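This structure is a prediction, so every number in the text was calculated from the model and none was measured. Residue numbers begin at 1 in each chain, while the letters A, B, ... track the order of the sequences.
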Number of protein chains: 2
Amino acid sequence: MTQRAMTARPMTERAIPPATVARLPSYRRVLMDAADAGQRTIASGAIAEAVGVHPDQVRKDLSHLATRGTRGVGYDVRALIAETSSILGLDEERTVVLVGVGNLGRALAAYEGFAPQGFRLVAVLDVDDAVIGSEVGGLRVAHLDTLPQVARREQVEMGVVAVPGPAAQAVVDTMVAAGLRTVLNFAPVHVRVPDDVAVRRVDLSTELQMLSFLRSRMRRDG
Amino acid sequence: MTQRAMTARPMTERAIPPATVARLPSYRRVLMDAADAGQRTIASGAIAEAVGVHPDQVRKDLSHLATRGTRGVGYDVRALIAETSSILGLDEERTVVLVGVGNLGRALAAYEGFAPQGFRLVAVLDVDDAVIGSEVGGLRVAHLDTLPQVARREQVEMGVVAVPGPAAQAVVDTMVAAGLRTVLNFAPVHVRVPDDVAVRRVDLSTELQMLSFLRSRMRRDG
DNA sequence: TTCTGTGAACAGATTCACAGCA
DNA sequence: TGCTGTGAATCTGTTCACAGAA
């Protein structure tokens, strides 16, 4: 629909392929482990081994970054961490709001993986009076209606949707109206959003079903 | 490594592309909604609309199945549900074991999405004495050491890993040794498994980071 | 040597274009 | 006329092969 590839863009960054971006968080994690272990440089082969891809793939991916490796040695660990963090937007703090305080919502609110990557959960919302006012993940659950105020006050950028499927579209509409521009959707439905809003969906049921498919297939192969 | 494509295979099924399989669960959900609403047939455009893809894509995907649509009308809803279920291996019950009773593990155990798709959780395991013996998702938490017995007794096929990263590889090794052949890994690390075991990883942090990337990019585009 | 960087070959997935049946 | 089915064209991603710097 929109013509992106032809758009003039500052030379500093050259349209990193989505497939590469998807691997960057894994690379970054390995790099941070290496840094913790005191390593100053790391070879593509070592990253590849830890992440489970081909070394070729790692080098091709890293060739989209500005950081260059040195032949016979590898890449500078600190430089790569800095650049991947910057590309992924992890050098500035991102505020997150969570909607839906069921089992999954509660688990997400308590999830320890948010904070270390710079994601700060600033509000937990629901529409059910039974849970509003209770404490979840160190925050008091408020009514979904307060989202616009919270979003403005805290400059919230990301929304996490952990409500049942039928409620998801309405929640996302509310988020979009409140100015959120990225949404992580755990409901098992596709939601419609304007072009300038990004949505990613995580569906446990889909994952299980794909595994189930692989299982069926394997029994015949083996 | 293994040569699959050339393997002789019963004509009844012709190697469905992975990308298609990944969309099948979504199609199936839409079909079930349509069936609930009393619809007997459905057009590719309607499925596409609900799932958020091109109608062309839906038709190409469905062309890999045996069920054919009728021109000017659409596809038979019941027939498609039956065939997608069969392909995804959802016509037989799959037994699942969950390891790791942290926040996420508890949420997964209580997750209502397992049962309706034919996934039956038969055991919840951990290594922490503090949680062993407690009840989670209607099951009493047992020690990970009991996995081999449970796996044999219940013919367990799938394992869900909800333990911290550093513990994941050992847990998966135990699962593989106990005969499980598919693993859904929520730990943020790559785990090594033999060729005949399938692993899928779901990483919340990766999803957030990809959204964060999109957010950074959008601010410049818009 | 060892390990990077990249063009070229290849493979897979999506979109287009259109023929053809109800 | 509406919607399926599919070859062809295109696009995207992966793997190969190898030149070249430390």
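- In this entry the distance linking CZ of B/R59 with C1' of C/dT14 reads 13 Å, nearest Å.
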I'd like a table of donor-acceptor pairs (distance under 3.5 Å, sequence neighbours excluded) in which one partner is a side-chain atom from residues 35-56 of chain A, with atom names and distances.
residue : atom : partner : partner atom : Å
A/D56   : OD1  : A/R59   : NH2          : 3.3

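- No hydrogens or angles considered: nothing links the side chains of B/R215 and A/T182 as a donor-acceptor pair under 3.5 Å.
- Within the structure, side chain to side chain donor-acceptor pair (under 3.5 Å) pairs that include any residue of residues 100-121 of chain A comprise A/R28-A/Q117, A/E93-A/R120 (at least two apart or interchain).
- Residue B/T67 is the one, among B/T67 and A/P18, whose nearest nucleotide of DNA chain D lies closer to the 5' end (criterion: closest heavy atom).
- Across every non-hydrogen atom of B/F213 and A/I87, the tightest pair is CD1-O, 3.3 Å.
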Please table the atom pairs, donor to acceptor, closer than 3.5 Å between any side-chain atom in residues 163-173 of chain B and protein atoms at least two apart or in another chain.
residue : atom : partner : partner atom : Å
B/Q169  : OE1  : B/R192  : N            : 2.9
B/Q169  : NE2  : B/D173  : OD1          : 2.8
B/Q169  : NE2  : B/R192  : O            : 3.0

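- Residues A/Y27 and A/D61 meet the side-chain proximity criterion, which asks for heavy atoms closer than 4.5 Å.
- In this structure, A/D61 atom CG and C/dG5 atom C1' are separated by 13 Å, rounded to whole Å.
- Rounded to an integer number of Å, the gap from NE2 of A/H64 to C1' of C/dG5 is 11 Å.
- Under the side chain to side chain donor-acceptor pair (under 3.5 Å) rule, B/S212 has a single partner from A/E157, A/R94, A/E92, which is A/R94.
- In summary, contact between chain A and DNA chain D, defined as any nucleotide atom under 4.0 Å from a heavy atom of the protein, begins and ends at D/dG13 to D/dA22 in the 5' to 3' direction.
- Within residues 34-58 of chain B, the residues approached by DNA chain D to less than 4.0 Å at the level of any non-hydrogen atom are B/A43, B/S44, in residue-number order.
- A/L80 places its CG atom 14 Å from the C1' atom of C/dG5, with the value rounded to the nearest Å.
- For B/R23, a side-chain nitrogen or oxygen approaches OP1 or OP2 of C/dT14 to under 4.0 Å.
- Protein atom CZ of B/R71 is 12 Å distant from nucleotide atom C1' of C/dC18, rounded to whole Å.
- When rounded to the nearest whole Å, the span between NZ of A/K60 and C1' of C/dT4 equals 12 Å.
- A/R200 and B/T206 form no side-chain donor-acceptor contact under 3.5 Å, judged by distance and modelled atom types alone.
- Not counting sequence neighbours, B/E83 has no partner by the salt bridge (charged side-chain N to carboxylate O under 4.0 Å, His left out) test.
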